[in-house]
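We number each residue from 1, following the sequence as shown. The model shown is predicted, which means the values in this text are computed figures rather than measured ones.
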Amino acid sequence: MCGRTGRVGAMVLAGLLLVGTMVGCADAGKRPQSQAAPVAVTDEPTDAPVDEATGEPSPSVSGVAAMGAAPSRSASPTPKPTKKPTRTSGPATKPRAVAKPPTETKVPPAPPKPAPSSCEPSYKGTQATRAEAKAALTDAAARTYWPTSAPTIKIPLTLLKATAWQESGWQSNIYACDGGVGLMQVMPATATWMNQRFEQSYEIDDYRDNAYLGANYLAWLTKYIGDMYFESDFRLDAGLCTAELDSCLLNAVISAYNFGHGAVAQEGEPLQIPNPSYVRNVRALMTECVCLGY
């Protein structure tokens with residue numbers, strides 16, 4: 001405390017107390033010198049083409065093809081977490097050596113053959129803004145797609161954002177040569193099957209419904225592959241993955257979204273990851289994508 005002392009008879013004692021009091025107040029007024037200013041990290045794209053309808057930068061076709069590269073960082077690195085991501089409960093579930101019979105017997109159609117590399121995508125309608133795309137993806141990630149048989153299945157928002165960036169660069173009005181549509185590059189045949197399987201009426205051309213279709217498909221793959229290989233452990237935690245790509249459900253679901261369930265999971269066969277580059281790209285985008293800051 002820095003209050004005054006009571007009256008005392010001895011002047012020497014008062015002087016000593018006054019000196020001690022002044023020193024104590026001076027020390028109390030000092031600010032700690034060890035606090036560091038927060039480090040700002042920016043992930044702003046450069047030289048991006050501008051969408052005339054929205055006035056916002058929009059990735060070009062060549063930019064979409066190169067989305068696996070992590071964005072550049074400032075000179076000052078962000079602090080690294082002290083602990084690695086951990087499971088919510090229970091020991092790690094390793095994939096089975098061979099798959100169980102699938103619980104889902106009605107499966108989506110196989111993906112079409114890749115389009116010629118010389119083919120250019122087309123655009124129809126008005127492109128959703130980044131804010132609109134973000135809201136749609138956030139809403140889709142928050143939904144529960146298996147409320148009865150697998151209510152614990154949740155699609156991480158980072159996975160949904162990264163997949164949409166890898167697939168379309170968040171371009172809601174893009175139509176690929178192989179038939180993929182919109183944010184999540186959903187195939188029309190897959191959309192028809194998903195609506196029938198889950199008794200929905202999603203419109204593939206609507207960017208919000210397109211986000212739901214993509215998230216719903218990721219949830220279906222989680223259930224399908226999780227039952228066959230991971231003893232119905234449906235956690236899509238990146239912290240469960242090792243250096244081996246076939247070590248976790250997250251990598252398998254990412255792979256199947258791109259190559260189809262049949263290329264990854266077959267009854268009586270070991271888990272396959274036929275597209276390692278795609279999986280690594282999406283995994284990198286889950287932590288490094290500039291879209292995470294939108």
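When atom types are taken as modelled, the side chain of Glu199 and the backbone of Gln196 share no donor-acceptor pair closer than 3.5 angstrom. The backbone N or O of Thr129 sits less than 3.5 Å from a side-chain atom of Glu132, completing a donor-acceptor pair. Although no hydrogens or angles enter the test, the distance criterion places a donor-acceptor pair under 3.5 Å between the side chain of Ser168 and the main chain of Ala164. Between the side chain of Ser255 and the backbone N or O of Ile273 there is no donor-acceptor pair closer than 3.5 Å. No donor-acceptor pair closer than 3.5 Å links the side chain of Thr242 to the backbone N or O of Ser247. Put simply, the side chain of Thr192 gets close to the backbone of Pro188: a donor and an acceptor are under 3.5 Å apart.
Note: Tyr257 and Tyr217 have tilted aromatic rings, judged against thresholds of 30 and 60 degrees for the angle between ring planes.
In this structure, Ile155 and Asn216 have side chains that are not in contact, with every pair of non-hydrogen atoms separated by 4.5 Å or more. Side-chain contact between Glu267 and Pro102 is present, with at least one heavy-atom pair separated by less than 4.5 Å. For the pair Val186/Met194, no side-chain contact is recorded, criterion being any heavy-atom separation below 4.5 Å from C-beta on. Put simply, the side chain of Ile204 does not reach to within 4.5 Å of the side chain of Asp209, judged on heavy atoms. The shortest distance between side-chain heavy atoms of Leu160 and Leu218 falls below 4.5 Å. Put simply, the side chain of Val98 does not reach to within 4.5 Å of the side chain of Glu269, judged on heavy atoms. Residues Met286 and Thr158 are in side-chain contact: their nearest non-hydrogen atoms beyond the backbone lie under 4.5 Å apart.
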**Request:** Given salt bridge (charged side-chain N to carboxylate O under 4.0 Å, His left out), test Glu203 with Arg208 step by step and report yes or no.
**Result:** CA-CA 9 Å; Glu203 295 287 342; Arg208 290 158 294 205; over 6 Å; no

**Item:** Test side chain to side chain contact (heavy atoms under 4.5 Å, CB included) applied to Met184 and Thr163, step by step
**Value:** CA-CA 7 Å; Met184 301 298 294; Thr163 303; 3.8 Å; yes

**Request:** Kindly determine whether Arg197 and Glu104 satisfy side chain to side chain contact (heavy atoms under 4.5 Å, CB included), including the steps that lead there.
**Result:** CA-CA 10 Å; Arg197 171 63 184 83; Glu104 284 281 299; 2.9 Å; yes

**Prompt:** Do Tyr145 and Phe198 pass the ring pair (Phe, Tyr, Trp, His ring centres under 6.0 Å) test, and can you show the C-alpha distance, the side-chain angles, and the key distance before you say yes or no?
**Reply:** CA-CA 8 Å; Tyr145 296 97; Phe198 290 92; 7.5 Å; no

**Request:** Please step through side chain to side chain contact (heavy atoms under 4.5 Å, CB included) for the pair Val181 and Asn210, ending with a clear verdict.
**Result:** CA-CA 8 Å; Val181 177; Asn210 193 284; 4.2 Å; yes

**Request:** Dump the intermediate steps for side chain to side chain contact (heavy atoms under 4.5 Å, CB included) on Trp220 and Trp193, then the final yes or no.
**Result:** CA-CA 12 Å; Trp220 184 87; Trp193 177 86; 3.3 Å; yes

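A cation-pi geometry, defined here as NZ or CZ lying under 6.0 Å from the six-membered ring centre and within 45° of its normal, holds between Arg130 and Tyr294. Remark: Arg143 is positioned above the aromatic ring of Tyr212, its terminal NZ or CZ atom under 6.0 angstrom from the ring centre and at most 45 degrees off the axis. A cation-pi arrangement is not found for Lys223 relative to Phe234, the charged atom failing to lie both closer than 6.0 Å to the ring centre and inside a 45° cone about the ring normal.
Taken to the nearest 0.5 Å, the OG1 atom of Thr93 stands 3.5 Å off from the CG atom of Asp233.
Transitive grouping of hydrophobic side chains (ILVMFWY, heavy atoms separated by less than 4.5 Å) keeps Phe259 and Leu285 in distinct clusters. Note: the hydrophobic cluster containing Leu292 does not contain Leu159 (ILVMFWY, side chain heavy atoms under 4.5 Å, direct or indirect links). By the criterion of side-chain heavy atoms lying less than 4.5 angstrom apart, applied directly or through intervening Ile, Leu, Val, Met, Phe, Trp or Tyr residues, Phe230 is grouped together with Val107 in one hydrophobic cluster. Connection of Ile225 to Val282 is established within a shared hydrophobic cluster, with ILVMFWY side chains joined at heavy-atom distances below 4.5 Å, either directly or through further cluster members. The hydrophobic cluster containing Tyr207 does not contain Met187, counting ILVMFWY residues as joined when their side-chain heavy atoms lie under 4.5 angstrom apart, directly or transitively.
In this structure, a donor-acceptor pair under 3.5 Å is present between the side chains of Tyr123 and Gln171. Side-chain atoms of Asn195 and Ser201 form no donor-acceptor pair, as typed in the model, at a separation below 3.5 Å. With 3.5 Å as the limit, one finds no donor-acceptor pair spanning the side chains of Tyr229 and Asp246. There is a side-chain donor-acceptor pair under 3.5 Å between Thr144 and Lys154. For the 3.5 Å distance criterion, the side chains of Tyr175 and Asp205 qualify, holding a donor opposite an acceptor.
Minimum heavy-atom separation, Ala211 to Ala140: O-CB, 3.6 Å. Between Lys161 and Cys291, the shortest heavy-atom distance links the atoms O-SG, 3.9 Å. Smallest separation of non-hydrogen atoms from Ile254 and Val279: CG2-CA, 3.9 Å. Smallest separation of non-hydrogen atoms from Asn251 and Arg283: OD1-NH1, 2.9 Å. Scanning both residues, Thr138 and Leu157, for their nearest heavy atoms gives CA-CD1, 3.6 Å. When every heavy atom of Leu250 is checked against every heavy atom of Ala238, the shortest pair comes out as CD2-CA, 3.7 Å.
Lys134 NZ: 12 or fewer foreign heavy atoms inside a 6.0 Å radius. In the displayed structure, Glu231 atom CD is contacted under 6.0 Å by more than 12 heavy atoms of other residues, nucleotides or ligands.
Partner Trp165 forms a side chain to side chain contact (heavy atoms under 4.5 Å, CB included) with one of Leu183, Leu137, Val290 and no other, that one being Val290.
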